[in-house]
Enquirer: 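Here's a structure for you.
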Amino acid sequence: MKNRKRLLIISGAINFGAPGKIVEQIGLLAEKDGYEVLVAHSTRNENPSQLSHIHITTFWQEIRHALGARLFDLHGLLSTRQTEILIDKIKAFEPDIIHLHNIHGYFLNFRVLFEYLKTIDIPIIWTLHDCWAFTGRCFHFEGIGCEKWKTECHDCKAEKGYTVSPFYDRSQQLYNLKKSLIPSVRNLTLVPVSEWLSKFLKDSFLKNCNVTVIQNGVDLNVFRPLNGDRLRVKHGLHSKFVILGVAAPWNKRKGLDDFFKLRELLSDDYAILLVGLSQKQVNHLPKGIIGITRTESQSELAEYYSMSDVFCNLTYLDTFPTVNLEALACGTPIVTYRTGGSPEAVNESTGIIIPQGDISAIANTLNEIKSQARFKAADCRKHAEIHFNKDKQFHKYIELYNRLLSSNN
């Protein structure tokens, strides 16, 4: 007889990147509440973890899955034997609740997993960090204005790359497989991380599932207002109005090209600093933009937020960017495109929302903020404390676990 509640988490990352760090934080809170926690995860996206965890695949098995996805559009339909072994481990662990996060990423066969999940009678929670669960194969469709996911995906026009083969299009097959499997799972609760994502579920084949929105949070002890003088001296920014951008990886979708265009519209009084670039990107930056490669030091990242006058998020595809929350927690106001759930972190005291691609409006807004000192660091910090404290936000998952377990008994 089990003495403790048991929680199994399945995730494409552990303590790595925003979703992986969320997994770590939820798991630690669950342990404090008396849960025995086990995380099953991919190999490539991993940092040291305080949680008990197991790898679902090896690095080379994930490479093989990636090749199958890119060449034959079999993303999510490979790693069959590895997923069957995972199911045996799930049965041995005997979880009281299973919590899915990102399950795309070349490490899992979703058909095998969901055929198993629909046979068991325990609560299943799925945190949705993007739109992949209800599309044929893409995470975001707004960038191409596609609405096929409302009826049936086919002739996919998603950007080539992560989940898309240039040779095969199995979007219709993948869509119908998800449509037949996912809604058939009993006791399934979907947790989109933004109101923006939640509204799409109402038009998808998941519209009859239970839905609870839980926005992400950040560690307010790590991300807090700090003295940024050291970094201003390091980068020669003594009298500059500093505009910060943070992403990993940086690409056109994250607004890199727009930062280049923005630089041309601003005077030399402004400095643009981008964190998370590759060394190759740093080497080819235009004059007037300072580039920093990715840092895994959250304390140093908090210094960058704190030393900046404004955080600028020019993303074109995002569900609920954690970088916005980190900036606010460090007392830095936000200027963001009206993209996905990005505006949900901003109110009239903490930032300004601009239509996508309106770079002139971004430049005018920055001029206004610089001349009027419109936003106060204390207001930004307070907004983060009230709405985006990770302990408060992620404890909502523990409350959800306990509520579902109570109703399932």
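Everything quoted here is computed from the prediction, not taken from an experiment.
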Enquirer: Under the side-chain contact (heavy atoms from CB on, under 4.5 Å) criterion, do D73 and F167 qualify, and how do the steps go?
Expert: CA-CA 8 Å; D73 203 17; F167 310 111; over 6 Å; no

Enquirer: Please tell me whether T57 and Q82 have a donor and an acceptor in their side chains that are separated by less than 3.5 angstrom.
Expert: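 On atom types as modelled, these side chains do not qualify, holding no pair under 3.5 Å.
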
Enquirer: Tell me, which pairs form a side-chain hydrogen bond (donor to acceptor under 3.5 Å, both in side chains) where one or both residues lie in residues 378-387, sequence neighbours left out?
Expert: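 Counting only pairs at least two positions apart or across chains, the side-chain hydrogen bond (donor to acceptor under 3.5 Å, both in side chains) contacts touching residues 378-387 are N347-H383, R381-E385.
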
Enquirer: Can you see whether H99 engages Y401 through a side-chain donor-acceptor pair at a distance of less than 3.5 angstrom?
Expert: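 H99 vs Y401: donor-acceptor pair found between side chains.
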
Enquirer: Are a donor atom and an acceptor atom from the side chains of D169 and S171 found within less than 3.5 Å of each other?
Expert: yes

Enquirer: Which value, rounded to the nearest 0.5 Å, describes the distance between R44 atom CZ and F107 atom CZ?
Expert: 9.5 Å

Enquirer: Return the minimal non-hydrogen interatomic distance between I98 and I90, and the atom names on each side.
Expert: CD1-CG2, 4.1 Å

Enquirer: Would the W149 and F200 ring centres measure less than 6.0 Å apart?
Expert: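 They qualify: ring centres under 6.0 Å apart.
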
Enquirer: Who are the side chain to side chain contact (heavy atoms under 4.5 Å, CB included) partners of Q279, not counting sequence neighbours?
Expert: V282, N283, T293

Enquirer: Under the side-chain hydrogen bond (donor to acceptor under 3.5 Å, both in side chains) definition, can you give me all pairs with a residue in residues 355-376, not counting sequence neighbours?
Expert: Y270-N367, T339-Q356, E368-R374

Enquirer: Start with the C-alpha distance between E399 and K396, add both sets of side-chain angles, then the distance that settles salt bridge (charged side-chain N to carboxylate O under 4.0 Å, His left out), and finish with yes or no.
Expert: CA-CA 5 Å; E399 294 169 354; K396 293 177 182 179; over 6 Å; no

Enquirer: Can you find a heavy atom in the side chain of I56 that is under 4.5 Å from one in the side chain of I10?
Expert: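 In short, these two side chains touch, coming nearer than 4.5 Å.
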
Enquirer: Assess the side chains of D318 and S342: does a donor N or O sit below 3.5 Å from an acceptor N or O?
Expert: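 Short answer, no.
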
Enquirer: If you measure from the Lys or Arg side-chain nitrogens to the Asp or Glu carboxylate oxygens, is any gap between E195 and K199 under 4.0 Å?
Expert: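 So E195 does not pair with K199 through a salt bridge.
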
Enquirer: Do N402 and Y35 get their side chains close enough for a donor-acceptor pair, meaning under 3.5 Å?
Expert: yes

Enquirer: Less than 3.5 Å apart, which donor and acceptor atoms pair up between the side chains of residues 239-250 and the rest of the protein, not counting sequence neighbours?
Expert:
| from | atom 1 | to | atom 2 | distance (Å) |
| --- | --- | --- | --- | --- |
| K240 | NZ | D268 | O | 2.4 |
| W250 | NE1 | A247 | O | 3.4 |
| W250 | NE1 | V275 | O | 2.9 |

Enquirer: Decide yes or no on side-chain contact (heavy atoms from CB on, under 4.5 Å) for V323 and Y305, but give the supporting numbers first.
Expert: CA-CA 9 Å; V323 289; Y305 285 121; 3.5 Å; yes

Enquirer: Could you tell me whether a side-chain N or O of K178 sits under 3.5 Å from a main-chain N or O of W132, the two making a donor and an acceptor?
Expert: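 Side chain of K178 to backbone of W132: a pair is present.
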
Enquirer: With a 6.0 Å cut-off on ring centres, are H104 and F110 close enough?
Expert: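 Not under 6.0 Å, so no.
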
Enquirer: If we ignore hydrogens and angles and just use 3.5 Å, is the side chain of S42 paired with the main-chain N or O of G12 as donor and acceptor?
Expert: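 It does hold such a pair.
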
Enquirer: How are the rings of H235 and Y304 set to each other: parallel, tilted or perpendicular (split at 30° and 60°)?
Expert: tilted

Enquirer: Under 3.5 Å, is there a donor-acceptor pair between the N176 and E152 side chains?
Expert: yes

Enquirer: Less than 4.0 angstrom from a charged side-chain N to a carboxylate O is my criterion; do K148 and D155 meet it?
Expert: no

Enquirer: What do the steps show when you test Y106 against R70 for side-chain contact (heavy atoms from CB on, under 4.5 Å), and what is the final call?
Expert: CA-CA 10 Å; Y106 312 143; R70 291 174 183 256; 3.7 Å; yes

Enquirer: Please tell me whether Y397 and T127 have a donor and an acceptor in their side chains that are separated by less than 3.5 angstrom.
Expert: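 A donor-acceptor contact under 3.5 Å links the two side chains.
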
Enquirer: Looking at residues at least two apart in the chain, or sitting in another chain, which of them share a side chain to side chain contact (heavy atoms under 4.5 Å, CB included) with A302?
Expert: F223, L226, C330

Enquirer: When you check the side-chain N and O atoms of E344 and Q215, is any donor under 3.5 Å from an acceptor?
Expert: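 Short answer, yes.
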
Enquirer: Are side-chain heavy atoms of R137 and C156 found at a separation under 4.5 Å?
Expert: yes

Enquirer: Under 3.5 Å, is there a donor-acceptor pair linking the side chains of T319 and H129?
Expert: no

Enquirer: Got a sec, which residues hit side chain to side chain contact (heavy atoms under 4.5 Å, CB included) with C131, two or more places apart in sequence or on another chain?
Expert: F134, T135, H140, F141, W196, L197

